[in-house]
Amino acid sequence: MPYVEILAPPAPPQNKALLAKSITDGLMSTFGVDAQTITLYFLPIAPGDYAHAGEMGSEGTRQRILLKVHAFRRTEAERRAAAVALTRSVCTAYGVPGTDVATYFLDREKDEVAHDSRLASD
């Protein structure tokens with residue numbers, strides 16, 4: 001933990017590799033975790049597979065990139081620093097402005113996470 005879901009337009013493998021390294025480095029420095037605890041999931045969103053303000057997107061329409069960070073609860077300062085690092089990573093990898101990047105922190109308590117059927121709080 002943390003796990004990061006990246007909902008974004010398709011990107012070349014080298015851009016995704018750059019993003020993976022940059023997000024991992026950013027979370028290691030802001031959350032104080034090892035790389036081995038960080039997993040990213042790339043969920044490509046094709047043009048037309050999203051809507052904003054009640055209107056369907058289309059080819060050539062700018063699309064907001066969404067990051068969902070599933071992690072144990074962190075301080076507001078840690079989440080703020082992570083938001084800066086992750087937004088910069090996405091902007092570099094996708095060539096978009098920060099206004100096109102949204103990060104949602106989905107904090108979890110240790111008794112709400114299990115690996116291999118064992119709660120993290122055990």
Side-chain angles (χ1 to χ4, degrees):
M1 193 92 168
Y3 293 106
V4 181
E5 295 177 60
I6 303 161
L7 289 86
Q14 64 271 21
N15 290 47
K16 292 195 309 190
L18 170 72
L19 184 59
K21 175 78 169 112
S22 185
I23 284 180
T24 299
D25 290 347
L27 289 175
M28 286 171 45
S29 67
T30 59
F31 282 3
V33 295
D34 292 331
Q36 295 302 315
T37 67
I38 301 169
T39 303
L40 279 60
Y41 296 96
F42 292 88
L43 306 166
I45 306 298
D49 284 350
Y50 68 96
H52 179 74
E55 299 292 325
M56 291 301 298
S58 61
E59 190 71 44
T61 303
R62 283 182 31 193
Q63 173 183 339
R64 183 169 291 149
I65 294 173
L66 174 63
L67 303 176
K68 296 193 288 183
V69 181
H70 301 266
F72 295 130
R73 185 163 305 283
R74 298 298 198 279
T75 67
E76 186 175 332
E78 289 170 318
R79 288 192 308 271
R80 185 175 289 112
V84 169
L86 299 180
T87 299
R88 287 181 183 155
S89 297
V90 170
C91 291
T92 299
Y94 282 89
V96 298
T99 54
D100 286 353
V101 181
T103 303
Y104 283 70
F105 294 96
L106 306 170
D107 294 341
R108 303 281 188 252
E109 299 302 327
K110 290 191 176 187
D111 67 346
E112 297 175 313
V113 176
H115 293 167
D116 193 19
S117 74
R118 191 170 178 85
L119 291 177
S121 60
D122 291 345

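In this text, all values refer to a predicted model and were calculated from it rather than measured experimentally.
- Judged by the 6.0 Å distance and 45° axis criteria, K68 is not positioned over the aromatic ring of Y104.
- Put simply, the side chain of S29 gets close to the backbone of G26: a donor and an acceptor are under 3.5 Å apart.
- You'll find the side chain of D116 stays beyond 4.5 Å of the side chain of R118, heavy atoms only.
- Counting heavy atoms of neighbouring residues, nucleotides and ligands inside a 6.0 Å radius, atom CD of Q14 exceeds 12 of them.
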Exercise for review: Let me see the working for C91 and V101 under side-chain contact (heavy atoms from CB on, under 4.5 Å), right down to the final yes or no.
Suggested key: CA-CA 8 Å; C91 291; V101 181; 4.2 Å; yes
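- The aromatic rings of Y41 and Y3 sit tilted, their planes meeting at an angle between 30° and 60°.
- A cation-pi arrangement, defined by a distance under 6.0 Å to the six-membered ring centre and an angle within 45 degrees of its axis, is absent between R74 and F105.
- Listed here is the closest heavy atom pair of T24 and I38: O-CD1, 3.6 Å.
- At least one side-chain heavy atom of R79 sits less than 4.5 Å from a side-chain heavy atom of D107.
- P9 and Y94 get closest at one heavy-atom pair: O-CE2, 3.4 Å.
- Rounded to the nearest 0.5 angstrom, L86 CG and T30 OG1 are separated by 6.5 Å.
- In this structure, the side chains of V4 and T39 stay at 4.5 Å or more apart for every pair of heavy atoms.
- Following chains of ILVMFWY side-chain contacts shorter than 4.5 Å, one can reach L43 starting from L66, so the two form part of one hydrophobic cluster.
- Of all non-hydrogen atoms in A8 and Q63, the two that sit nearest each other are C-NE2, 4.2 Å.
- For the atom pair CG (L67) and CG (L7), the distance works out to 8.5 Å, reported to the nearest 0.5 Å.
- For the atom pair S89 OG and L18 CG, the distance stands at 8.0 Å (nearest 0.5 Å).
- Here Y50 contributes atom OH and I45 contributes atom CD1; the two are 10.5 Å apart, rounded to the nearest 0.5 Å.
- The two residues S117 and A114 make their nearest non-hydrogen contact at C-CB, 4.4 Å.
- In this structure, T37 contributes its side chain and V33 its backbone to no donor-acceptor pair below 3.5 Å.
- Between V90 and D100, the closest side-chain pair of non-hydrogen atoms is not below 4.5 Å.
- Once rounded to the nearest 0.5 Å, the distance linking NE2 of H70 with CD of E112 reads 12.5 Å.
- Transitive grouping of hydrophobic side chains (ILVMFWY, heavy atoms separated by less than 4.5 Å) brings V96 and L40 into a common cluster.
- Proximity of K110 to F72: side-chain heavy atoms (C-beta onward) are separated by under 4.5 Å at one or more points.
- One hydrophobic cluster holds both M28 and L19 under the rule that ILVMFWY side chains link at heavy-atom gaps under 4.5 Å.
- Using a 4.5 Å heavy-atom threshold, the side chains of R108 and M1 count as touching.
- Atom OG1 of T103 is separated from atom CD1 of I65 by 10.0 Å, given to the nearest 0.5 angstrom.
- Residues passing the side-chain hydrogen bond (donor to acceptor under 3.5 Å, both in side chains) test with E78, sequence neighbours excluded: T75.
- Closest approach of T87 to G98, counting heavy atoms only: CG2-CA, 4.0 Å.
- The shortest side-chain heavy-atom distance between L106 and V69 does not fall under the 4.5 Å cut-off.
- For the pair N15 (side chain) and A93 (backbone), a donor-acceptor distance under 3.5 Å is present.
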